[in-house]
Amino acid sequence: MTLTLIDKKSTLAKLLATENIEVQQNKVRTASFDVKNRVLTIPIFKHENKDVIDMLIAHECSHALWTGLDDWKSITEESDEYKAYCNVLEDCRIDRMIQKKYPGIVKNYINGYKELIRIDFFGVNGKDLNTLNLIDRINLYYKSSKTADISFADAEWVLDEIDNLKSLDDVKVLARKLLEQEKAKQESTSDDHSQHNNDSDDTQDNSNNTKESESSYDDYDVKDTDD
């Protein structure tokens, strides 16, 4: 009997997750793992790329291994912004752990990221990645397995902290810290902008000139399904 792609990937997922999880392939934009019902969902790609699919499966299986349901549920009760920061940092943590446990998938991660960039999955093609907000740069840098040419000259300390995340509690602490710093930065920029307008004789309306954050931190999802 010839195994279908989903049969093959289902077996791979179960091996990586070390448990009999359910694997589904549906018309969804991105892979996700239901941490309560233990269901891994992977997209149906128009042009299926082995590295991308193996990367997504490894990523979601890593959630199955190391993202606890109760701990994650406490995050879902917070603001969407805080939850998004936690999602980025938790992805960094669990991707590092799955690559350490199964070094053979590192190549899948690197090649899979290149393919996602090629098809502009993250919506950043043609943009200077170094102009993105810190959390967006973190997201892309770690999803590239640290191969992307992204500068952290303004926050080199954060790389060490991310590399030393041991638990979801550590993730929550760092997420709060980064979010508070970003809000303080935005408030400072807003104050400077207001002061500039007050000191200027130019009466032109500049209310729409503030650059909004172009976030891509919900690429891969962790889900908690209630009864």
Side-chain angles (χ1 to χ4, degrees), residues 1-69 71-73 75-76 83-84 86-123 138-148 162 165 167-168 171 216-225:
M1 181 179 66
T2 302
L3 292 177
T4 64
L5 175 63
I6 190 61
D7 289 331
K8 293 177 182 178
K9 297 309 179 182
S10 178
T11 300
L12 170 64
K14 291 173 183 178
L15 288 173
L16 292 178
T18 66
E19 63 175 287
N20 190 31
I21 63 175
E22 180 182 348
V23 181
Q24 300 177 352
Q25 191 171 29
N26 296 323
K27 292 182 179 180
V28 293
R29 179 180 180 273
T30 182
S32 63
F33 184 69
D34 183 336
V35 295
K36 181 175 182 179
N37 296 313
R38 319 306 287 173
V39 177
L40 168 64
T41 302
I42 59 175
I44 300 174
F45 291 101
K46 293 181 179 179
H47 304 286
E48 294 193 336
N49 179 283
K50 177 184 179 298
D51 289 309
V52 170
I53 294 176
D54 285 353
M55 175 191 69
L56 293 177
I57 287 177
H59 175 86
E60 300 304 339
C61 285
S62 192
H63 279 307
L65 288 169
W66 294 297
T67 300
L69 171 60
D71 288 338
W72 186 257
K73 194 169 184 178
I75 293 175
T76 64
K83 183 170 62 176
C86 285
N87 203 39
V88 169
L89 298 177
E90 177 66 353
D91 281 359
C92 296
R93 183 179 78 92
I94 58 100
D95 279 337
R96 183 188 74 241
M97 295 173 75
I98 199 74
Q99 291 182 48
K100 182 178 180 180
K101 186 176 181 69
Y102 302 105
I105 66 172
V106 174
K107 185 176 180 180
N108 298 120
Y109 266 82
I110 293 173
N111 290 339
Y113 173 81
K114 289 179 180 178
E115 173 63 14
L116 292 181
I117 286 293
R118 186 188 71 81
I119 64 175
D120 201 18
F121 179 84
F122 302 105
I138 290 170
N139 181 43
L140 293 173
Y141 183 63
Y142 280 88
K143 279 189 168 53
S144 75
S145 299
K146 300 183 179 181
T147 61
I162 293 172
L165 292 172
S167 66
L168 193 53
V171 165
S216 54
Y217 28 53
D218 56 347
D219 307 320
Y220 317 140
D221 297 328
V222 185
K223 293 185 178 179
D224 165 34
T225 303

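Start at 1 with the first residue, then count along the sequence. Just so it is clear, the model here is predicted, and its values are computed rather than measured.
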Nearest heavy-atom pair of Val171 and Cys86: which atoms, and what distance? CG1-O, 3.6 Å
CA sep, side-chain torsions, deciding dist, call: Tyr113, Val52, side-chain contact (heavy atoms from CB on, under 4.5 Å): CA-CA 7 Å; Tyr113 173 81; Val52 170; over 6 Å; no
Distance (rounded to the nearest 0.5 Å) between Arg93 CZ and Ser62 OG: 8.0 Å
side-chain contact (heavy atoms from CB on, under 4.5 Å) between Glu60 and His63, worked out: CA-CA 5 Å; Glu60 300 304 339; His63 279 307; 3.4 Å; yes
For Lys146, check salt bridge (charged side-chain N to carboxylate O under 4.0 Å, His left out) against everything at least two apart and list the hits. Asp163
Just verifying a value: how many Å separate Ile94 CD1 and Leu65 CG, rounded to the nearest 0.5 Å? 9.0 Å
Who are the side chain to side chain donor-acceptor pair (under 3.5 Å) partners of Asn111, not counting sequence neighbours? none
Got Cys92 and Ile138 here, is their nearest side-chain heavy-atom distance under 4.5 Å? yes
Say you draw a straight line from CG of Asp95 to NZ of Lys100; how long is it, rounded to the nearest 0.5 Å? 15.0 Å
What is the minimum heavy-atom distance between Gly112 and Asp51, and which atoms define it? N-CB, 3.8 Å
Please step through side-chain contact (heavy atoms from CB on, under 4.5 Å) for the pair Tyr109 and Thr147, ending with a clear verdict. CA-CA 10 Å; Tyr109 266 82; Thr147 61; over 6 Å; no
Between Arg96 and Ser145, is there a donor-acceptor pair closer than 3.5 Å when you use the side chain of the first and the backbone of the second? no
Pair Trp66-Ile98, side-chain contact (heavy atoms from CB on, under 4.5 Å): steps then yes or no: CA-CA 9 Å; Trp66 294 297; Ile98 199 74; 3.9 Å; yes
Side chains of Asn108 and Ile53: does their closest heavy-atom pair fall under 4.5 Å? no
Where is the tightest heavy-atom contact between Val106 and Gln99, given as atom of each residue plus distance? CG2-OE1, 3.5 Å
Between Lys143 and Phe122, is there a side-chain heavy-atom distance shorter than 4.5 Å? yes
In Å, rounded to the nearest 0.5 Å, how long is the span from NZ of Lys83 to CG of Asn87? 8.5 Å
Please assess Tyr142 against Asp91 for the test side-chain hydrogen bond (donor to acceptor under 3.5 Å, both in side chains), listing each intermediate value before the final yes or no. CA-CA 8 Å; Tyr142 280 88; Asp91 281 359; over 6 Å; no
Using a strict threshold of under 4.0 Å (side-chain N to carboxylate O), is an ion pair present between Lys50 and Asp54? yes
Residues Ala58 and Ile105: closest non-hydrogen pair is CB-CD1, 3.6 Å
